[in-house]
**Student:** 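I am attaching a structure below and will ask some questions about it afterwards.
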Amino acid sequence: MTPAERARQIDKEEFAAECAAIRQRAYDWLASQRPSNPKDMTRGLARLYEACGEEHTLREWSEITGISITTLNTRINVFNWPVERAVTETIGHFGRRGKEYTINGVTRSVSQWAKLAGISGSVAYTRITSGWPIEAALTLPKGSTRPTSDTPGVPSNFPSSEGTGAGSTAQESPNITFSGNDV
């Protein structure tokens with residue numbers, strides 16, 4: 001075996017020994033983190049949340065209530081809701097009802113008005129927050145797919161383009177001369 005091969009062999013053996021030592025330290029740390037209560041052992045390291053007289057992990061609460069784990073986590077850890085409210089409140093987005101608008105005596109949510117107008121909810125919301133009148137933001141004129149020129153916004157009245165913009169001057173000129181640079 002050449003000295004270079006011997007050096008590579010030693011490196012391999014040292015690396016394998018270091019990996020084994022690191023792996024053992026990780027297993028030891030995990031073992032020290034396990035709960036001492038046998039009931040909690042079946043749930044691993046997952047946190048338990050108590051509500052309605054029961055204790056469950058977020059995954060278990062999600063399966064019981066049908067609310068996604070992400071929603072439960074956001075309600076509890078971001079909005080600081082009590083666990084009981086987070087697992088029992090299911091109306092609307094994050095427990096809120098969206099704002100409703102009345103046009104000609106009919107009350108609907110922004111998304112419902114947007115759907116009727118044939119526009120996306122985000123477009124309707126942007127129009128409202130940009131200061132459009134509610135009727136103009138949430139409805140469109142009959143047969144129209146865009147706001148008319150009397151509604152806020154930039155109308156699309158640009159003429160269609162033709163050609164490259166070079167007009168009739170675009171041509172091949174293999175012999176180019178420059179005036180004023182006579183040397």
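Below, all heavy atoms of this structure are taken into account, side chains as well, without hydrogens, waters or symmetry copies.
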**Student:** Can Thr70 and Ser68 be counted as having a side-chain donor-acceptor contact under 3.5 angstrom?
**Tutor:** no
**Student:** Report the C-alpha separation of Thr74 and Thr71 in whole Å, then their side-chain angles, then the decisive distance to 0.1 Å, and conclude whether the side-chain hydrogen bond (donor to acceptor under 3.5 Å, both in side chains) test is met.
**Tutor:** CA-CA 5 Å; Thr74 302; Thr71 299; over 6 Å; no
**Student:** Under the criterion side-chain contact (heavy atoms from CB on, under 4.5 Å), I'd like the reasoning laid out for Ser62 against Ile67: C-alpha separation, chi angles, the key distance, then a yes or no.
**Tutor:** CA-CA 5 Å; Ser62 176; Ile67 302 170; 5.7 Å; no
**Student:** If Ile, Leu, Val, Met, Phe, Trp and Tyr residues are connected whenever their side-chain heavy atoms lie under 4.5 Å apart, and connections chain through other members, are Trp29 and Tyr27 in the same group?
**Tutor:** no
**Student:** Taking all non-hydrogen atoms of both residues, which atom of Cys52 and which atom of Glu84 are closest, and how far apart?
**Tutor:** N-OE1, 3.3 Å
**Student:** To the closest 0.5 Å, what do you measure between CD1 (Ile69) and CH2 (Trp61)?
**Tutor:** 14.0 Å
**Student:** With a distance cut-off below 6.0 Å to the six-membered ring centre and an angular limit of 45° from the axis, does Arg108 pair with Trp113 as a cation-pi contact?
**Tutor:** yes
**Student:** Using a 4.5 Å cut-off on heavy atoms from C-beta on, say whether the side chain of Leu58 contacts that of Ile76.
**Tutor:** yes
**Student:** Just how far is it from atom CZ of Arg85 to atom CG of Asn80, taken to the nearest 0.5 Å?
**Tutor:** 11.0 Å
**Student:** Rounded to the nearest 0.5 Å, what's the gap from CZ on Arg47 to NE2 on His56? Could you check?
**Tutor:** 15.5 Å
**Student:** Do you know which two heavy atoms are closest between Arg6 and Met1, and how far apart they sit?
**Tutor:** CA-SD, 3.5 Å
**Student:** Can you name the closest pair of heavy atoms from Ile119 and Ala124 and give their distance?
**Tutor:** CD1-CB, 4.0 Å
**Student:** Tabulate below the donor-acceptor pairs under 3.5 Å that side-chain atoms of residues 9-21 make, not counting sequence neighbours, or state none.
**Tutor:**
from, atom 1, to, atom 2, distance (Å)
Gln9, NE2, Glu13, OE2, 3.0

**Student:** Distance check, rounded to the nearest 0.5 Å: Glu60 atom CD versus Tyr49 atom OH?
**Tutor:** 12.0 Å
**Student:** So which heavy atom on Arg75 is nearest to which on Ala86, and how close?
**Tutor:** NH1-O, 2.8 Å
